[in-house]
Amino acid sequence: MIGLLLAMYPATWQRRYAEEFRAVLESRPLGPFDVADVLLGALDARLAPRRYSYPAGLTGGHQMMLRIGGLGAVVGGILFFLGIAAASGLGGSDTPWILVGALGTLGILAGLIGLSAFQAYRDPKLAWAAFAIPAIGAFVTIVGMLGMAVMGDSEDPFIGSWNAWWIWAVGLLTTLVGSILFGIATLRAAVLSRRGAQALTWSAGVVIILAFSGFDPGSSALGGLVEGGALGAFCLSWVALGASALRRGPIVAIGAAPGAAGA
Amino acid sequence: MSEPNLELGRFAEPGLLILVSLSDGPKHGYAIMTDVEAGTGRPLGPGTLYAALARLEERGLIEALEPVDRRRPYRLTAIGATALKGQLAGLEAFARLGLRRLDAGRS
């Protein structure tokens with residue numbers, strides 16, 4: 001993978017930095033955040049390939065990724081809940097709300113990339129699984145949601161022999177399983193909100209148990225409340241994790257005007 | 001106060017963190033990365049590290065030394081030390097101003 005990442009950089013950059021950069025990449029296991037960060041670095045190098053005269057502000061760097069991740073988790077958690085709650089509770093056309101849910105899932109996907117930066121390097125397999133499984137799940141969920149938006153209530157196959165609802169359900173289940181791993185990896189990293197990570201792990205687990213227990217949320221008002229509560233807690237956990245990433249903010253504020261104290 | 005501007009755009013913060021890391025002696029890339037992470041509690045990605053290193057080197061704020069076993073150490077130049085001092089003094093003044101205003105607002 002390291003060779004592939006290095007190949008993303010322009011040849012001029014590689015001639016100057018490749019050897020030492022490879023040594024840095026080999027120094028510890030690469031997490032999803034590192035890979036995304038290196039890809040952004042390669043894009044940056046390609047945008048200013050000749051003499052490394054990088055103009056200011058061409059790329060976001062790690063700080064921007066963390067902010068996007070935090071913001072993605074906050075907005076994604078809210079939109080996902082709104083989309084699911086409204087689409088399952090409203091009559092008539094669900095399409096706009098399904099699209100809101102798909103946008104929310106996209107936000108959670110962005111959150112996964114950004115927040116994975118905080119996960120422990122000491123357990124790279126867990127970090128990768130905690131990223132890859134929910135990321136794949138989120139992608140499949142989005143495909144299923146788009147399918148439901150296109151196909152409406154039709155049970156006709158959308159991809160292969162699968163109808164859109166089943167694709168969505170499998171995607172959501174994968175996202176939930178992956179979220180449990182993500183919660184555990186976040187707890188082990190001990191950087192972001194512990195309560196958020198615990199809530200993510202437990203709420204995802206409860207939704208999975210409810211789904212497999214044959215529980216019918218439509219059977220009673222209490223049933224709807226239980227499932228809605230678990231799903232709400234799941235979404236709120238993402239919001240809490242995103243907010244705790246955003247709260248960490250910049251450690252050092254740059255650009256303080258000289259002599260500002262005297263102003 | 002004359003303060004050299006780092007002019008690193010979005011890489012200003014990683015750039016400053018790298019300069020601070022090098023202020024107690026030369027370090028290679030991985031050592032800078034772990035030093036910054038230990039000091040701030042936040043990750044510094046390798047892509048960001050090298051984008052910032054390239055900018056700092058281009059501006060003459062740091063210089064590369066001979067590599068040791070593939071790892072190339074970097075050290076602060078005189079211009080880099082002056083720039084860092086200016087940035088930190090600006091931040092110190094800004095922090096003092098903020099704390100003064102906070103105290104005044106509470107009283």
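Residue numbers start from 1 in every chain, and the chains themselves are labelled A, B, ... in the order their sequence lines are given, proteins ahead of strands.
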### Query
Under the side chain to side chain contact (heavy atoms under 4.5 Å, CB included) criterion, do B/Arg70 and A/Arg22 qualify, and how do the steps go?
CA-CA 9 Å; B/Arg70 289 199 304 153; A/Arg22 178 184 282 276; 3.6 Å; yes

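- Once rounded to the nearest 0.5 Å, the distance linking OG1 of B/Thr48 with CG of A/Asp34 reads 9.5 Å.
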### Task
Under the side chain to side chain contact (heavy atoms under 4.5 Å, CB included) rule, what do B/Tyr50 and A/Arg16 come out as? Steps first, then yes or no, please.
CA-CA 11 Å; B/Tyr50 270 83; A/Arg16 167 64 183 84; over 6 Å; no

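- For B/Arg71 and A/Glu26, the salt-bridge test fails: no basic side-chain N is under 4.0 Å from an acidic carboxylate O.
- Proximity to chain A (any heavy atom under 4.5 Å) is shown, for B/Glu92, by neither the backbone nor the side chain.
- Annotation: A/Phe139, atom CZ; neighbour count of heavy atoms from other residues, nucleotides and ligands within 6.0 Å does not exceed 12.
- When all heavy atoms of B/Pro46 and A/Val38 are compared, the closest pair comes out as CG-CG2, 3.7 Å.
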### Query
For A/Asp44 and B/Arg55, what are the C-alpha separation, side-chain angles and deciding distance, and is it a side chain to side chain contact (heavy atoms under 4.5 Å, CB included)?
CA-CA 11 Å; A/Asp44 176 61; B/Arg55 285 167 168 79; 3.1 Å; yes

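- A salt bridge links B/Glu37 to A/Arg28: at least one charged side-chain nitrogen sits closer than 4.0 Å to a carboxylate oxygen.
- A/Tyr17 and B/Glu57 are linked by a side-chain donor-acceptor pair at a separation below 3.5 angstrom, with hydrogens and angles left out of the test.
- Between the side chain of A/Asp37 and the backbone N or O of B/Gly47, at least one donor-acceptor pair lies under 3.5 Å.
- Between A/Phe33 and B/Pro43, the shortest heavy-atom distance links the atoms CE2-CB, 4.0 Å.
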